[in-house]
Amino acid sequence: MFKEYDPIEDKMFNIIDDKGVVVNKKWMPKLSDEQIVKAYKDMLFARTADLQIVSYQRQGRIYTYPPNYGQEAIAGAVGAIMRDEDWLVPAFREMGAYLAKGVTLKEIFLYFMGYEDGSLFKGAKNILPMSVPIASQYLHAAGIGYEIKYNKKDQVVYAFVGDGGTSEGDFHEALNFAGVWNVPVVFIVQNNQYGISTPFKVQTASKNIAIKSVAYGIEGIKVDGNDYFAMYAAVENVTKLAKEGKGPFLIEAVTYRKGAHTTSDDPTKYRTKEEEEDWDKKDPLDRLRAFLIAKKLWTVKEEEKLVSQYKKEVDRQFEEAENYPAYPLDDAFQFLYEEMPDDLKKQKFEHEKFLQWKETRK
Amino acid sequence: MFKEYDPIEDKMFNIIDDKGVVVNKKWMPKLSDEQIVKAYKDMLFARTADLQIVSYQRQGRIYTYPPNYGQEAIAGAVGAIMRDEDWLVPAFREMGAYLAKGVTLKEIFLYFMGYEDGSLFKGAKNILPMSVPIASQYLHAAGIGYEIKYNKKDQVVYAFVGDGGTSEGDFHEALNFAGVWNVPVVFIVQNNQYGISTPFKVQTASKNIAIKSVAYGIEGIKVDGNDYFAMYAAVENVTKLAKEGKGPFLIEAVTYRKGAHTTSDDPTKYRTKEEEEDWDKKDPLDRLRAFLIAKKLWTVKEEEKLVSQYKKEVDRQFEEAENYPAYPLDDAFQFLYEEMPDDLKKQKFEHEKFLQWKETRK
Amino acid sequence: MEGDKKMKIMNMVNALNDAFDIELKDDKNVVIYGEDVGVEGGVFRVTEGLQKKYGKERVFDSPLAESAIVGTAVGMAAAGLRPVVEMQFSGFAYPAFNQIISHAARMRNRSRGRYQTPIVIRMPYGGGINALEHHSESMEAIYGHMPGVKVVIPSTPHDAKGLMISAIESNDTVIFMEPKRIYRAIKQEVSEDKFSIPIGKANVISSGTDITVVAYGSMVREVQKAMVLAKEAGISVELIDLRSIYPIDRDTIAASVKKTGRIVTVTESPKSFGVASEITQIVNEEAFLNLEAPPARVTGFDTIVPLPKGEHHYLISPEKIFYEIEKTVKY
Amino acid sequence: MEGDKKMKIMNMVNALNDAFDIELKDDKNVVIYGEDVGVEGGVFRVTEGLQKKYGKERVFDSPLAESAIVGTAVGMAAAGLRPVVEMQFSGFAYPAFNQIISHAARMRNRSRGRYQTPIVIRMPYGGGINALEHHSESMEAIYGHMPGVKVVIPSTPHDAKGLMISAIESNDTVIFMEPKRIYRAIKQEVSEDKFSIPIGKANVISSGTDITVVAYGSMVREVQKAMVLAKEAGISVELIDLRSIYPIDRDTIAASVKKTGRIVTVTESPKSFGVASEITQIVNEEAFLNLEAPPARVTGFDTIVPLPKGEHHYLISPEKIFYEIEKTVKY
Ligand SMILES: Cc1ncc(C[n+]2csc(CCOP(=O)(O)OP(=O)(O)O)c2C)c(N)n1
Ligand SMILES: Cc1ncc(C[n+]2csc(CCOP(=O)(O)OP(=O)(O)O)c2C)c(N)n1
Ligand SMILES: [Mg+2]
Ligand SMILES: [Mg+2]
């Protein structure tokens, strides 16, 4: 696969075209109809939730949120392959992978409503909390990879970053360490063409991102990230190889951030309508839907029904999150150290004294 | 040149063999006999000084020093090509380049004797002081490159780092910025096989270092760094291209640190006698000397005479450095800010008061 | 140092933008870059419109890499430019820490004055904007402790403009921390002319007799709110806005405490090893015999600033400042 | 907490090595890595022999990249290992600053206790070894100000061993700063058994009545030299070795100053915003009415530590400590 789609020649791996027609039979993954339908449903659920959140945000019911809109196939494919025992090291724009891990929408809501409790991920194993400092999490992934190898575990790490993140030194150091250590980490770059307002060509003069694997002696591949099957096939392939001890891999998933960077961003400032429309034609859900409809596995009506059902579910979880208990003072203090140092206890105590004083003044 | 010696195929560019015989006529640089003899003399001077310093250090007359022994051809070739107006952004193991810039041995001695004044480089233009935090200087080079382009100057930046330094995030960020900005910087990596005790294969799983250029969309080449002509031809070529605005370049100069990492290091702990002997055969001075002798441009006797002359010169400059005036208290304070802040003045004043008190107690 | 006053209502964003505009116009060596500062004009729009006016060579977007942003600025500055670079939030300046402490702060010292690094490293800092983790930090003390840099923190639009002009014209590296919480919250008349405010001199915003309160940046406004409560309680507060924490204006602080005998320092940062402790040390050194109560501090906790739903626990309220003022006065 | 004493003469290098040996033996999750710590055993030989004994998976050389060394340790720790990593000198830890402050210090808080980061980040610190630039720094205050880490600095071989064992067994991230200047300078009997010293409790090395002197790391020995001069002058010094600057032992400091009424803090770091100021703040808060003289500090300057020929200007001499002690006592 890596020879056939050599990033040095800037080749991109894809399987279906923009109309959902399979153009690369050789690599079409062996998926049952049910699996494909489930994949589509998962993506649809993620998209429904994502779009809802943006509207909650407009209503002032949640803070800044980074939409996944248009990038769902990437996290979807990883989510379908990743097992409970595998590790997910997320950035912040891969909701489908969180959900696949067992994170609930409610938790995601809690996080963006401003509760650290949203990172508890009670039903999910082996997933790190969202990492805000760009690319820094890639090193954590390499370290987890080391632990897996050290303890000879049957696990793989899936780590995410954006195209902007590839410019950070930590990106380089992580791939370099993982390469030297030869650890089972799949490094996925969601190249959505922008880092906030900054276009890909300002991030790097390199032909593509997959090619950067060469610098670390590892394999890399550039994949059409809006093509669910291509993403699935690529992730499946490197997962198998990683389990065999064939080391880390770099997947560049080419996609487009159809929404704003976050709800406080306005993309019209830095990109054109034409560009957006060009990418609309490659929408990952449209493409997979077309595939399914052609195979008579899906109908528009079914989709409508499902979406309204999903919306209700999203609303339900959102309301649960909105009714989450108030944030206790203790929670601001208790997780810094295993045992709270005396000084910190004193700080809390003094603050409580102030709060009492404030109470009495009312 | 870059196609012919493609680092992706792990090709190495060289011109003379270990016996000093030209094996690659096509790329042999057009150098006059005088130029070649001068090059050899410069390298010989650098080596003589270098070996002397190690012996001064053993006598306790200078602090830790990082020997250049075995790597002289690299800085020698760069030194021969670099003009006054070009910038040198050094690491700390390229004495020949410092000397070519007009830095004196005395200044180098002063630095390693523990005077910042050793970084004044009074007779040299456009050279940054030695940078101790590994690889951090590469970013300065990229920034200087920006200034050159911004002001449309006819200058090139030569920046040095070691193989170990390529693992740092700053290496990556510098090449990436330089690539995006397309600035005239020649990034030279002295791959001397070790970062202190750490062998190259522990630094990276990548085939070689030159290949890392691919990640930044720039050209790179792996050069036999113990082959003066190959180094000269490569640096000459990229210098010309850089001046034409063809952007930054990465040169991996393959060499060997024949000495210890610094005078406080003991290489027998981490490498074998055999390895050292293998590399002895590729000594850059031996090879160039063989070339010169074969061309009847040099004799062993001449060399002996010259070396003893050089030794005297080295001693002379060393003694000058040893007689350098004491380090005044002012110098610990006065260069932090353009104008000394009141608080700092007060600190100095208080310290002087203490010194007076101490005086009176005697 | 104010010129002929053509006054205009500005918030801090406008005032900073105006300072850049003036400096870009007056000095061709000034360049501005960082993440999203060019086309978009910065996530807070502080550099809006400048790329259009001065071109892509002078105001531009960089790749996403803070170490590189500062590191290349060191090189540019050594070669003669005067870069003004942005760290998108102070919480994202840490990857650049090595370039700041090891190079921007030291190049002049290392080269014995031969090279200088006239760099302004801008960074919006502080909490109170309902942000994600890392977007609310106040770690100015670590820069204050770093030899070789100046650390400037304005509290008003007027000060922001005058201090920024000084910062850009300074031949030292200046860490310029912008209280993002009041970017648009305070509006005032600011001269459209070029004027500068010296770095290193504190500003006595209001004089009083009972107690000295030292603050800077976004805390100044909170202290002013607390002063309303203090006034009701009959306490006369002398408010000192440090404007820069390094150099720090010992004399103004000392003179004030010699008069009032009492002092509270207000900062948003974690409590231990923060700016308040340094102020306390200074007043102990300069005005020990005048002290009638222990120099106090109102600060954040030694914790991470909580996410929005918990941030009110951390943020400093005017009541809390008043509480400490009253305690100190009653001591 | 000392066990059956099989005592052996050790310097700090031996003592630390012994602590690692014990922990590597006792806990398979402990791994040690960093630049040159494996084959060579570290540039100061602190980890010498351990790779041979425990294998390349457990004690190994890493590529040259500090951010990666700490960042991968965060990942390893989250997955269950207990990494002990080395920054070759504290002056080279800055590239790792972001990983330390943003992750090692916060992972537990961010994940509400789910993940922890039992990492020891070792770094030789301080001056006095005639080194190049960046090899002589004492920037412990910036770590003290960083919520979520502990900062330990031993002053003797015995303490180094006991504190290192505590650090490795702590489930928090510990910045372990090693006073390289006394790595081999102090020898003492240390038990070969496993023993630990609690982190956060200061050690009253000698009790006295006239003045409290607070120090840690390499400065403790300098204070002890100054105490000889003080004794000659008839001054009785109570010497407190902090052992850790975070958590800081307020109670021990306060109790001492309540007794002596006077205090001098001695640190090697730059003066402003350093550890001494925090101690001064603490004694103002805890023992204001007992203070008979302003809490004083003996520190470095707000400068870069000069290269060897100028370092004597910067370094703190016993005379200077005595000078400040005497001034404070005579105040
Ligand atoms: C170290 C750091 N610098 C800056 C930021 C601010 N920031 C948040 S997202 C972002 C752009 C990220 O772009 P990319 O990596 O392409 O990911 P995307 O948002 O497109 O998914 C920036 C600059 C940050 N979070 N961390
Ligand atoms: C950021 C940083 N980390 C660690 C060191 C300590 N150190 C000095 S030289 C060196 C090895 C450098 O190896 P390499 O880059 O190959 O250069 P060489 O010494 O072989 O010329 C190390 C780790 C340093 N100076 N800076
Ligand atoms: Mg992106
Ligand atoms: Mg090397």
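Lettering follows sequence order; numbering is per chain, from 1.
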Considering only NZ, NE, NH1 and NH2 on the basic side and carboxylate oxygens on the acidic side, decide whether [X] and [Y] come within less than 4.0 Å.
X        : Y        : result
A:Lys348 : A:Asp330 : yes
A:Lys258 : A:Glu276 : no
C:Asp21  : C:Lys53  : yes
A:Lys106 : A:Glu320 : yes

Under 4.5 Å from any heavy atom of chain A, what part of [X] do you find: side chain, backbone, both or neither?
X        : answer
C:Ser62  : backbone
C:Lys320 : both
C:Tyr323 : both
C:Glu324 : neither
C:Leu132 : side chain
C:Leu229 : side chain
C:Thr303 : both

Parallel, tilted or perpendicular, as decided by the 30° and 60° cut-offs, for the rings of [Y] and [X]:
X        : Y        : value
A:Tyr65  : A:Phe112 : perpendicular
A:Phe333 : C:Phe301 : tilted
A:Tyr256 : A:Trp279 : parallel
A:His351 : A:Phe354 : tilted

Item to complete: Sort out for me which of A:Tyr115, A:Phe171, A:Trp357 touches chain C most, counting heavy-atom pairs under 4.5 Å.
Response: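 The candidate making the most pairs under 4.5 Å is A:Trp357.
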
With a 4.5 angstrom heavy-atom cut-off, is it the side chain or the backbone of [X] that approaches chain C, or both, or neither?
X        : answer
A:Asp170 : neither
A:Leu336 : side chain
A:Lys346 : neither
A:Pro328 : backbone
A:Asp343 : side chain
A:Leu344 : side chain

Item to complete: Keeping to residues at least two apart or across chains, list the side chain to side chain donor-acceptor pair (under 3.5 Å) pairs with something in residues 39-50 of chain C.
Response: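 Sorted pair list: A:Lys269-C:Glu48.
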
